[in-house]
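Residue numbers start at 1 and run along the sequence shown. Counting starts at 1 for both ligands and their atoms, following the listed order. Predicted model only: the values in this text are computed from it and were never measured.
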Amino acid sequence: MAKPDILLVGPYPEWDLVELEAQYNVLKLYEAEDRDAFVRDHAQGIRAIATRGELGASADLIGRLPKLEVVSVYGVGYDAVDLDACRARGIRVTNTPDVLTNDVADLGVAMMLVQSRGMIGAETWVKDGSWVEKGLYPLKRRVWGRKAGVLGLGRIGFEVAKRLKGFDMDIAYSDVAEKPHGEGMTFVADPVELARRSDFLFVTLAASAATRHIVSKDVIAALGPEGMLINISRASNIDEEALLEALESGALGSAALDVFEAEPKLDPRFLKLDNVLVQPHHASGTIETRKAMGRLVRDNLAAHFAGAALPTPVV
Ligand code: 8YV
């Protein structure tokens, strides 16, 4: 039997590509010089899309693939997949939850520590000779024992909070409702209030149209000149223009960001700021987790083509 055609939207690690190519005819959209023509030429054969969290699958792409049956996302976030377009045609959607939770939480906490203790600047201080020439590195702010807010106490938010407890922090969270697993933390319904009481505000909620710019100008102002914003979710959860203005004016103390509106091309204003730590959307980027994500993408595709229950369906 011929291998089913699958459209690979963006590159996967080589170890996943080898496995996928053993089972499927993998059509690499990202290598096509003329992507429109590539989709048109293969439209009648493509039965699956394999994509990444930040790349998703647009209504336009879905609409151009009449034989599409399933979209498998390498990532927990599926906000870039047009779910309405999928639902309308009975197209299944899968993601890779759970396997990446701990790594994403680790990176969020690491960013808080690195930024609060000024570790990037401290390394430069050593390497550029400042330690020898100027002496002691400027003092930074403590992390342990201070106030943290977690916006979105889902799987990732919960793991962030669990880690913060190890730093004896006073932890509060916001979510649509109080959570049974929020024990030992203060529930604050309003994100502005959460920001007001926080030294560090972690953004850990799944992005959707409803959460767009939930970290608004008011939330940023409430976090204030001593506060730090840490985003390991999606850029759309934050009003990026308001964030840039606040970082530039000092209305917000600092930020540590793994995601950006126009990633990988950041607004150049970010690059001029010395109160922001920028990371290249790699919170799930460990070999162990990425291998588990790739396996889950393949398990979902295999289950679909075998007519079995999908391991981690979204739609
Ligand atoms: C990316 C992510 O999918 O899980 C998500 O939602 O955004 C990430 O894990 C990953 O960086 C692969 O591109």
Mark up the atoms of ligand 1 that fall under 4.0 Å of a heavy atom belonging to [X], in ascending order.
| X | result |
| --- | --- |
| Arg234 | 2 (C), 5 (C), 6 (O), 7 (O) |
| Gly53 | 3 (O) |
| Arg290 | 10 (C), 11 (O) |
| Leu100 | 4 (O), 9 (O) |
| Met293 | 9 (O) |
| Val76 | 4 (O), 5 (C), 6 (O) |

Exercise. Does Arg269 come within less than 4.0 Å of Glu240, counting only side-chain N to carboxylate O?
Worked result: no
[atom] - nearest protein heavy atom and its distance:
| atom | value |
| --- | --- |
| atom 9 (O) of ligand 1 | Ser284 OG, 2.8 Å |
| atom 3 (O) of ligand 1 | Tyr74 O, 2.8 Å |
| atom 1 (C) of ligand 1 | Glu54 OE1, 3.4 Å |
| atom 7 (O) of ligand 1 | His281 NE2, 2.8 Å |

Exercise. How are the rings of Tyr24 and Phe305 set to each other: parallel, tilted or perpendicular (split at 30° and 60°)?
Worked result: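 Correct class here is tilted.
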Heavy-atom distance under 4.5 Å between the side chains of [X] and [Y], does that happen here?
| X | Y | value |
| --- | --- | --- |
| Phe200 | Val143 | yes |
| Leu29 | Leu27 | no |
| Tyr74 | Leu55 | no |

Problem set entry | Name of the residue among Val70, Leu310, Leu296, Thr94 meeting side-chain contact (heavy atoms from CB on, under 4.5 Å) with Leu301 |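 Only one of Val70, Leu310, Leu296, Thr94 forms a side-chain contact (heavy atoms from CB on, under 4.5 Å) with Leu301, namely Val70.
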For this session: Can you see which heavy atom on Leu136 is nearest to which on Trp125, and at what distance?
Result: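 Answer, listing the atom of Leu136 first, then Trp125: O-CZ2, 3.3 Å.
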